[in-house]
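Every number for a ligand or one of its atoms is a count from 1 in the order of the listing.
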Amino acid sequence: MKDIKALDSQYVAHTYARFPVLIVSGKGSLVYDETGKEYVDMGSGIGVTAFGIADPEWQAAVTAQLGMVQHMSNLYYTAPCAELAELLCEKTGMKKVFFCNSGAEANEGAVKAARKYAAEKKGADYSTIITLKNSFHGRTLTTLAATGQEHYHELFQPLTPGFVHAAAGDLDGLKALAAEHKAAGVLIECIQGEGGVVPMDGEYVRALARFCADEDILFMVDEVQTGNGRTGALYAFMNYGVTPDVVSTAKGLGGGLPLGAVLLGEKVKDVFAPGDHASTFGGNPVCCAGALSVLRRLDEAFLAEVREKSAWVFSALEGAPGVESVSGMGLMVGVKTAKPAGEVVRTCLENGVLCLTAKDKVRLLPALNIPMDVLRRAVDVLKTACA
Ligand code: PLP
């Protein structure tokens with residue numbers, strides 16, 4: 001076998017600071033490198049493989065569709081796309097779905113929906129999108145503009161205009177920005193993931209949703225990381241008792257194949273007309289067949305198990321030696337460690353556990369169906385690394 005690490009280093013653009021690990025196989029929450037060393041996967045591809053690696057139900061759904069039609073243009077109908085849209089709407093109360101390929105692209109679709117809605121309702125000058133400081137919404141030029149973290153912006157000016165950033169929790173500040181900038185929409189993460197696993201305050205989110213409804217400013221929730229069962233609810237907004245006008249999602253929805261979705265609520269269900277928006281691969285039947293197998297299993301009983309595992313993780317880590325605090329919801333967990341997070345993650349890796357970081361925290365996003373014994377093993381390794 002060629003030296004894959006050397007090959008990658010020579011030929012793949014250096015946009016990722018990779019760990020020195022080559023993963024060749026896996027099953028569920030366990031993955032293996034080329035030497036056969038086993039790791040517990042506590043990152044699930046950054047919240048993607050919701051039911052783990054080589055999940056048999058997802059594999060069966062995907063391979064069955066592969067054997068029929070792997071792709072059709074969106075000029076024609078395919079069953080998995082329509083059925084997935086129906087299921088998403090039934091489970092969320094949203095009314096229509098636009099499918100795309102990634103989280104950034106889902107957010108781009110949300111922004112387009114808000115701008116078109118506002119232009120038609122209030123005038124084309126109502127185009128500003130308000131997002132929050134410390135947010136993360138993606139890496140395209142528009143979603144970088146949406147991302148409220150300056151350091152991502154620096155090398156890539158000029159970004160798409162029409163984005164301003166409010167401090168999370170400061171509703172008066174956001175109201176002032178909305179008045180000054182003629183807002184079309186507000187886009188928030190209920191839990192800022194890349195920003196360090198920071199949950200928003202419930203009162204703030206509900207007051208923000210009410211303000212948006214009163215002003216007819218679209219209330220949009222980025223559920224790319226928090227969605228599809230990750231927080232112990234099907235979507236994180238459900239933990240907050242709010243009804244968004246637009247929801248963007250991706251990651252776990254496809255279970256490992258690229259799939260994003262923009263869920264459009266009552267106000268915007270008909271905002272897009274033919275020609276307004278499109279994506280060649282959006283709604284690909286293989287990706288949608290896999291997503292159907294994921295979404296069908298995210299029922300109340302399964303989500304209750306996610307919440308139980310979450311409660312166990314929080315109780316195991318809170319107050320443990322070297323753990324300063326634990327944040328998050330469900331199986332989206334941020335651990336503030338006394339040692340630098342990078343050092344803790346490296347020690348975990350050496351001891352057979354793959355963890356992530358988010359800002360100065362260790363971040364855990366295991367598969368939602370991780371067995372309790374595997375979860376215990378991983379948390380024990382993490383606790384030892386923290387101490
Ligand atoms: N939005 C949020 C909240 C995310 O966490 C991410 C990725 O981490 C994105 C958007 C971008 O998603 P993608 O990398 O699929 O474009």
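- Listed by atom number, the atoms of ligand 1 under 4.0 Å from S102 heavy atoms are 15 (O), 16 (O).
- E223 and T226 are linked by a side-chain donor-acceptor pair at a separation below 3.5 angstrom, with hydrogens and angles left out of the test.
- The closest approach between Q192 and ligand 1 stays at or above 4.0 Å for every heavy atom of the residue.
- Nearest protein neighbour of atom 9 (C) of ligand 1, counting heavy atoms only, is V224 CG1, 3.7 Å.
- Under the 3.5 Å distance criterion, the side-chain polar atoms of Q192 are matched with a main-chain donor or acceptor of K133.
- With no hydrogens or angles considered, no side-chain donor-acceptor pair links D55 and T49 at under 3.5 Å.
- Applying the 6.0 Å contact sphere to CZ of F281 captures no more than 12 heavy atoms from other residues, nucleotides or ligands.
- Grouping the Ile, Leu, Val, Met, Phe, Trp and Tyr side chains by contacts below 4.5 angstrom, directly or via other members, places L171 with M200.
- Here ring-ring contact (aromatic ring centres under 6.0 Å, His included) pairs that include residues 44-66, with residues two or more places apart or in two chains, are F51-F302.
- Ligand-side atoms of ligand 1 in range of N107: 1 (N), 10 (C), range being under 4.0 angstrom from any heavy atom.
- At a heavy-atom cutoff of 4.0 Å, ligand 1 is contacted by the side chain of E194 but not by its backbone.
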Tell me which donor-acceptor pairs under 3.5 Å the side chains of residues 358-365 have, and how far apart each pair is, sequence neighbours excluded?
residue	atom	partner	partner atom	Å
K359	NZ	N134	OD1	2.4
K359	NZ	Q149	OE1	3.3
K361	NZ	G196	O	2.9
K361	NZ	S327	OG	3.3
R363	NE	T357	O	3.4
R363	NH1	E194	OE2	2.8
R363	NH1	Q225	OE1	2.7
R363	NH2	E194	OE1	3.4
R363	NH2	E194	OE2	3.4
R363	NH2	T357	O	3.0

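- In this structure, atom 15 (O) of ligand 1 lies nearest to the protein heavy atom G103 N, 2.8 Å.
- Remark: minimum distance from atom 16 (O) of ligand 1 to any protein heavy atom is reached at A104 N, 2.8 Å.
- Between the side chains of T384 and N351, not a single donor N or O lies within less than 3.5 Å of an accepting N or O.
- In E189, the part holding a heavy atom less than 4.0 Å from any atom of ligand 1 is the side chain.
- In terms of protein heavy atoms, atom 1 (N) of ligand 1 is closest to D222 OD2, 2.8 Å.
- For atom 5 (O) of ligand 1, the nearest non-hydrogen atom of the protein is Q225 NE2, 2.8 Å.
- Annotation: atom 7 (C) of ligand 1 to nearest protein heavy atom, K251 CE, 3.5 Å.
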